[in-house]
Amino acid sequence: MSRNSFAARTYRDDAVVLRTHKLGEADRIITLLTRHHGQVRAVAKGVRRTSSKFGARLEPFMVADLQLVSGRSLDIVTQAVSKGSYGREIVADYGCYTVAVAMTETAERLTDVDGEAATAQYLLLVGALAALSRGEHTPQLILDSYLLRALATGGWAPSFTDCARCSEPGPHGAFSAALGGAVCHDCRPPGSPAPAPETMILLAALLSGNWPLADGSQPQHRREAAGLVASYLQWHLERVVRSLKHVERV
Amino acid sequence: MYEGAVQELIDELGRLPGIGPKSAQRLAFHILEADPEDIKRLVTALVTVKERVKFCSICGNVSEQDTCIICRDPRRDPTVICVVEESKDVQAVERTRSFKGRYHVLGGAINPIAGVGPEQLRIRELLTRLNDSAIEEIIIATDPNLEGEATATYLARMLKTIGITVTRLASGLPVGGDLEYADEVTLGRAFEGRRNAIA
């Protein structure tokens, strides 16, 4: 069989839909985070027609088992079977929707075609979307926890106890996004913010998934933590996550 | 690369949505070979649409006057407003001939990744229109995709306290299709939106 034949170019993978763009009359370009093939951009033909057989399965936040055909610049989606439908529950709450969009945009920025590294990001995002759709925790806490863990998975794990620069055991009173989290008095760069101790405890809980502690946190510490997470994210991504400014914070 | 005017024309055509470099080249050579009178008509139509057409000051639909033909029509029901994303959605609803109310065009849907939030849409203008006590119902007819649903959720939340009936277009099975080919999301929506078959 020729390497360029249709069958040879066909592959199957689980994927979560990150975003969609309109293409031509009735098609869409779907940006996917797959379990084994990293980030994939594929054309879904005719999905904007009301008669489309898999249009609903290729909406953002949907998890699907897809069959794709490799193309020169874009792959083509040929079949889709739904594996997790989180969109409806998420979009029924506008605050949840803004959080989910910020998570998918971050996932898009953090991943590329490297399949091995993307598997952890895929599982993390699917878990976060599922938790969001079930309403298990405050959406904003899920977002901040997801952002910290996604950055840690991407190789930018912050430290909220030991000093991020000299590893001196904490707790420490200052935070530096550039140095990687909490910093001791000696390593603290001038102008570093000094968050409340409870905020640092909340950030550590969000990173480790200590939900009883995170759920019991106070609103002012959540707001402060959200600001630090956003600054940490933007420092390491080196670009603005546009949807973060639309997130509804309580 | 072609010389001067031809390349300029290809570049300009290539900036249009859905037109790639090959299509732009094909269109440019079609224009070169076409009858000059046909091209003059095309140029006149392009200039006229930019000079004459504006957006209705009431509903945001395209119009050649300050208000559009639907807002000017006294036979339209002033108690119902159908909220749509784009002007082309007005035409889609008009083709049904079953809606006799008026419209409000938002100018898009909420899409945070593209930088479109509620502030970028004509939601404030809609709330201003609702000061008119004649309005009894708002029909939200945004697209049945995620951005459209998010916009509908946001509007429903905004309008909840005003005391006006707010409805959303039904989602479900397309007429003429087979049930076995329906996807589970659409079929699930159809079950939720089922109605009493005994009149």
Side-chain angles (χ1 to χ4, degrees), chain A residues 17-28 31 47-62 64 73 80-109 240-248, chain B residues 16-20 23 85-86 88 92 108-121 123 142-160 168-193:
Chain A
V17 179
L18 300 180
R19 69 192 291 189
T20 63
H21 298 93
K22 289 180 180 176
L23 176 70
E25 284 280 316
D27 308 336
R28 276 208 175 103
T31 306
V47 287
R48 281 158 60 202
R49 292 196 181 95
T50 52
S51 56
S52 167
K53 277 186 288 185
F54 52 60
R57 294 176 188 135
L58 296 174
E59 285 280 290
F61 320 142
M62 294 292 282
S73 57
V81 176
S82 177
K83 292 192 83 175
S85 173
Y86 306 120
R88 203 167 134 257
E89 290 81 7
I90 288 171
V91 86
D93 178 338
Y94 184 72
C96 269
Y97 169 73
T98 58
V99 162
V101 172
M103 292 198 305
T104 50
E105 189 183 354
T106 305
E108 188 183 349
R109 295 278 163 85
V240 175
V241 176
R242 292 169 90 177
S243 49
L244 263 187
K245 71 172 184 183
H246 294 281
V247 170
E248 288 202 328
Chain B
L16 296 172
I19 307 285
S23 300
E85 289 181 18
E86 306 282 356
K88 54 192 183 216
I110 294 172
N111 189 352
I113 295 185
V116 181
E119 306 78 32
Q120 280 74 43
L121 303 178
I123 292 176
T142 49
D143 289 344
N145 54 32
L146 206 83
E147 286 85 17
E149 292 293 340
T151 310
T153 305
Y154 183 83
L155 283 175
R157 197 178 70 175
M158 293 284 286
L159 302 172
K160 194 165 62 177
R168 174 90 173 104
L169 284 193
S171 290
L173 301 168
V175 175
D178 284 8
L179 198 71
E180 66 173 307
Y181 293 118
D183 66 86
E184 57 280 2
V185 180
T186 309
L187 196 53
R189 292 273 184 95
F191 262 98
E192 280 172 16

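All figures in this text were calculated on a predicted structure; none of them were measured in a lab. Reminder, nothing fancy here: chain letters follow the sequence lines and each chain counts from 1.
Neither the backbone nor the side chain of A152(B) has a heavy atom closer than 4.5 Å to any heavy atom of chain A. With a threshold of 4.5 angstrom between heavy atoms, S82(A) approaches chain B through its backbone and through its side chain. Contacts of R49(A) with chain B are absent, with no heavy-atom separation under 4.5 Å from either backbone or side chain. Residue R48(A): no heavy atom, backbone or side chain, is found under 4.5 Å from chain B.
Chain B forms the most heavy-atom pairs under 4.5 Å with one residue out of V241(A), V101(A), D93(A), V247(A), and that residue is V101(A). Of the listed residues (M62(A), K245(A), R19(A), E108(A)), the one with the most heavy-atom contacts under 4.5 Å to chain B is R19(A). With respect to chain A, the highest number of heavy-atom pairs below 4.5 Å among V185(B), N145(B), I19(B) belongs to N145(B).
With sequence neighbours left out, R157(B) forms a salt bridge (Lys or Arg N to Asp or Glu O under 4.0 Å) with E248(A).
For the pair A56(A) and D183(B), the tightest heavy-atom approach, listed with the atom from each and the gap, is CB-OD1, 3.2 Å. The two atoms that bring Y94(A) and A150(B) nearest to each other are CD1-O, 3.8 Å, heavy atoms only.
The environment of CD in E25(A) is sparse: at most 12 heavy-atom neighbours from other residues, nucleotides or ligands sit within 6.0 Å.
Here the CG atom belonging to L18(A) is positioned 8.0 Å from the CD1 atom belonging to I113(B), to the nearest 0.5 angstrom.
Two residues are said to be in side-chain contact when any heavy atoms from C-beta on lie closer than 4.5 Å; H246(A) and I110(B) fail this criterion. You'll find the side chain of L146(B) reaches within 4.5 Å of the side chain of F61(A), heavy atoms only.
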Would E184(B) and R57(A) count as a salt bridge (Lys or Arg N to Asp or Glu O under 4.0 Å) if you check the C-alpha gap in whole Å, the side-chain angles of each, and the deciding distance to 0.1 Å? CA-CA 9 Å; E184(B) 57 280 2; R57(A) 294 176 188 135; 2.9 Å; yes

